There are 2 protein chains.
Amino acid sequence: MDNFSESANCYECKKSSKYFRELNPSELEFINQNKTQILYRKGETICKQGAFASHVLYISDGLVSSYLESFNNRHINLKILKKSEFIGLSSIYGDNIYNYSTAALKDSTICMIKKDSFRKLLTSNGSFASEIIKGYCENENQLFNKILSLGSKQMHGRLADTLIYLHNQYLQEEKIFSYLSRKDIAEFAGLSTESTVRLLTEFKKDTIIDIIGKEIKVLNPDLLKEISRRG
Amino acid sequence: MDNFSESANCYECKKSSKYFRELNPSELEFINQNKTQILYRKGETICKQGAFASHVLYISDGLVSSYLESFNNRHINLKILKKSEFIGLSSIYGDNIYNYSTAALKDSTICMIKKDSFRKLLTSNGSFASEIIKGYCENENQLFNKILSLGSKQMHGRLADTLIYLHNQYLQEEKIFSYLSRKDIAEFAGLSTESTVRLLTEFKKDTIIDIIGKEIKVLNPDLLKEISRRG
DNA sequence: AAAAATAATTGAGACTATTCAATGTTTCAA
DNA sequence: TTGAAACATTGAATAGTCTCAATTATTTTT
């Protein structure tokens, strides 16, 4: 196992994370003492829906996809997580299990922070807690979008939603499409892979998007939004 | 307008709410001074998705349904809220708007609490804040279920999920079905009303449920769960 | 560089779910 | 108590989506 990196420390993360920014030096040191850093290889499962959640996970570096698994072995992709985002926050106070699975889209360095340690910080540092709650709220909003998309739209609208999501600046910086298969895109939209391929071709024919290898460029974002709106 | 009730006070709510239980007398009095109580009639909209959210709402008494509205004027029902639950919590730190709509299923008494007042309590009282966060987490979990249901199951599975949800003890106490139309049930499952009716008839024929007027009784919960699992 | 494995694409047919229209039922107010 | 309105049910036609199988392209391994 060369998976454990040589003692990385949390001071680095203070720079990049809006959450860690709220921590003072002694709090940072506290977290530093109570974490383990692990390197996950592309494709590996980082946490598994239903598994016991003893730690909160922090993406120190990498690209991670989060998804829900159903009994009939289908996946619904929730979102792509980047550097300096948390995984499994809601297991702190809620159920003691991960409510979703995550997998590395590329090699990713993950810090595992003990839940009690994390909870201690939350109670001792109000502005840290506020930042975390803010994160919850934004997240909830995205889940509502997802519900609306899956529950009230048909193929075109759902794929439009997916493309709009994947095309946000934040993900484009990472060349996100180079890490996603057609199946991945389909699992965002809640469609079969074949339907997704057919629709993408159709969108391309209508010059809404352009497809260059894995990369998908949006040529007509307004029309895409219109398709999303129409459902 | 006889909508404003004669100064009800928060001490009553301390008994029934797991949240208010965490507040001390002066905090209760503080909230009491910063709230307005309003009676909503059956069918009235209590808060509207997209509207400016200046208050956190608390269901002092009644029965409320929360739902998402899409552009193409479809509704997706999220959950039924009862006495002593909050509406619009996530507008405290997140967006300044309601992320979903709510409507009274029967006459309901709602307390409107100013957001800043509520926020003050959150920062001053850690265990109150923890209870609220806990609420978030449970809620999130339900949203995941919804996403999985809408995104990975077909009609039978989705309706099974809906019936399972509506049959929890907590809602049965309220004779929930007497307040729900077929359309309401359909909007929980993300189906058309007609498909819902057809499926209910089918479930009845298979003695999975019994239908007596508006009331729906579950005769075979295990089979219902199996249908849910199969998707 | 060839072979093997994986991913993307396409078409046809089967299945799923909705819409529209017609009819029956319940509720509620005048 | 009757009529109007809202709700529930049913059937038929249509539209939407998936599955399966075959083919082509790409990536990975040897």
Side-chain angles (χ1 to χ4, degrees), chain A residues 41-43 65 70 72-77 103 105-107 149-163 177-205 209-216 227 230-231, chain B residues 41-43 65 70 72-77 103 105-107 149-163 177-205 209-216 227 230-231:
Chain A
R41 298 293 178 187
K42 179 177 178 160
S65 97
S70 74
N72 40 338
N73 200 31
R74 287 163 182 281
H75 289 186
I76 298 289
N77 285 334
L105 285 176
K106 66 176 180 190
D107 293 0
S149 184
L150 295 174
S152 75
K153 300 183 187 183
Q154 27 195 78
M155 295 204 300
H156 292 74
R158 299 224 292 265
L159 186 60
D161 286 335
T162 297
L163 292 176
F177 284 109
S178 64
Y179 301 103
L180 299 177
S181 67
R182 295 297 188 248
K183 183 157 178 283
D184 292 326
I185 297 175
E187 288 175 347
F188 264 107
L191 299 176
S192 72
T193 305
E194 293 93 329
S195 292
T196 301
V197 168
R198 269 184 272 266
L199 269 185
L200 285 173
T201 310
E202 190 186 324
F203 281 2
K204 184 180 177 176
K205 230 176 267 165
I209 61 172
D210 198 9
I211 302 176
I212 308 133
K214 303 203 90 181
E215 174 67 16
I216 297 175
I227 291 168
R230 290 246 187 89
Chain B
R41 299 293 179 186
K42 179 178 179 159
S65 96
S70 74
N72 40 340
N73 199 31
R74 287 163 183 280
H75 289 185
I76 298 289
N77 285 334
L105 285 176
K106 65 177 180 188
D107 293 0
S149 184
L150 294 174
S152 75
K153 300 183 187 183
Q154 27 195 75
M155 295 205 299
H156 291 74
R158 299 224 293 265
L159 186 59
D161 286 336
T162 297
L163 292 177
F177 283 109
S178 64
Y179 300 102
L180 299 177
S181 67
R182 294 298 187 246
K183 184 157 178 283
D184 292 326
I185 297 175
E187 288 176 347
F188 265 107
L191 299 177
S192 71
T193 306
E194 293 93 329
S195 292
T196 302
V197 167
R198 269 184 272 268
L199 269 185
L200 284 173
T201 310
E202 190 186 324
F203 280 3
K204 183 180 176 175
K205 230 178 267 166
I209 60 172
D210 197 9
I211 303 175
I212 308 134
K214 303 203 91 184
E215 174 67 16
I216 296 176
I227 292 168
R230 290 245 188 89

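We name chains A, B, ... by the order of the sequence lines, and we start the count at 1 in each one. Worth saying up front: this structure is predicted, and the values here are computed from it rather than measured.
We find that NZ of A:Lys183 is positioned 15 Å from P of C:dT9, with the value rounded to whole Å. The CG atom of B:Leu180 sits 14 Å away from the C1' atom of D:dC7 (whole-angstrom rounding). Protein atom CD1 of B:Ile227 is 14 Å distant from nucleotide atom P of C:dT16, rounded to whole Å. Rounding to whole angstrom units, CD1 of residue A:Ile212 and C1' of C:dA8 are separated by 17 Å. At whole-Å resolution of the value, CD in B:Glu202 and P in D:dG11 are 13 Å apart. Between B:Asp184 atom CG and D:dA8 atom C1' the separation is 13 Å, expressed in whole Å. Distance A:Lys204 NZ to C:dT9 P: 9 Å, rounded to the nearest Å. Taking atom CZ on B:Phe177 and atom C1' on D:dA8, their separation rounds to 16 Å, with Å as the unit.
To the nearest 0.5 angstrom, A:Glu202 atom CD is 5.5 Å from A:Leu199 atom CG. How far CG of B:Asp107 is from NZ of B:Lys42: 8.5 Å, rounded to the nearest 0.5 Å. Distance CG/A:Leu159 to CD/A:Gln154: 13.0 Å, rounded to 0.5 Å. Taking NE2 of A:His156 as the start and OG of A:Ser195 as the end, the distance is 10.0 Å to the nearest 0.5 Å.
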Sub-3.5 Å pairs of nitrogen or oxygen atoms, protein against nucleotides 15-17 of chain D:
residue : atom : partner  : partner atom : Å
D:dG16  : OP1  : A:Gln154 : NE2          : 3.4
D:dT17  : OP1  : A:Met155 : N            : 2.9
D:dT17  : OP2  : A:Met155 : N            : 3.3

Measure all distances between protein nitrogen or oxygen atoms and nitrogen or oxygen atoms of nucleotides 24-30 of chain C, and list the pairs falling under 3.5 Å.
none

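Remark: A:Arg198 is not in phosphate contact with C:dT10, judged by side-chain N or O atoms under 4.0 Å from OP1 or OP2. Under 4.0 angstrom from either OP1 or OP2 of D:dT9 there lies no side-chain N or O belonging to B:Thr201.
More than 12 non-hydrogen atoms from other residues, nucleotides or ligands lie less than 6.0 angstrom from NZ of B:Lys106.
Contact of the A:Asp161 side chain with the A:Lys153 side chain is registered, since non-hydrogen atoms from C-beta on lie closer than 4.5 Å. Between A:Thr201 and A:Ile211 there is no side-chain heavy-atom pair separated by less than 4.5 Å. The shortest distance between side-chain heavy atoms of B:Glu187 and B:Ile76 does not fall below 4.5 Å. The closest side-chain heavy-atom distance from A:Asp210 to A:Ile216 is not below 4.5 Å. Between B:Phe177 and B:Asp184, every side-chain heavy-atom pair lies at or beyond the 4.5 Å cut-off. Taking the side chain as every heavy atom from C-beta outward, B:Leu191 and B:Arg158 approach each other to under 4.5 Å.
Rounded to 10°, the angle separating the first-five-pair axis and the last-five-pair axis of the helix from C:dA1-D:dT30 to C:dA30-D:dT1 equals 50°.
Taking the side chain of A:Glu194 as heavy atoms from C-beta on, and the options C:dA8, D:dT19, C:dT19, the nearest nucleotide is D:dT19.
With hydrogens and angles ignored, no donor-acceptor pair closer than 3.5 Å exists between the side chain of B:Arg74 and the base of C:dT18.
A:Thr196 and A:Thr193 share no donor-acceptor pair across their side chains, judged by distance under 3.5 Å alone.
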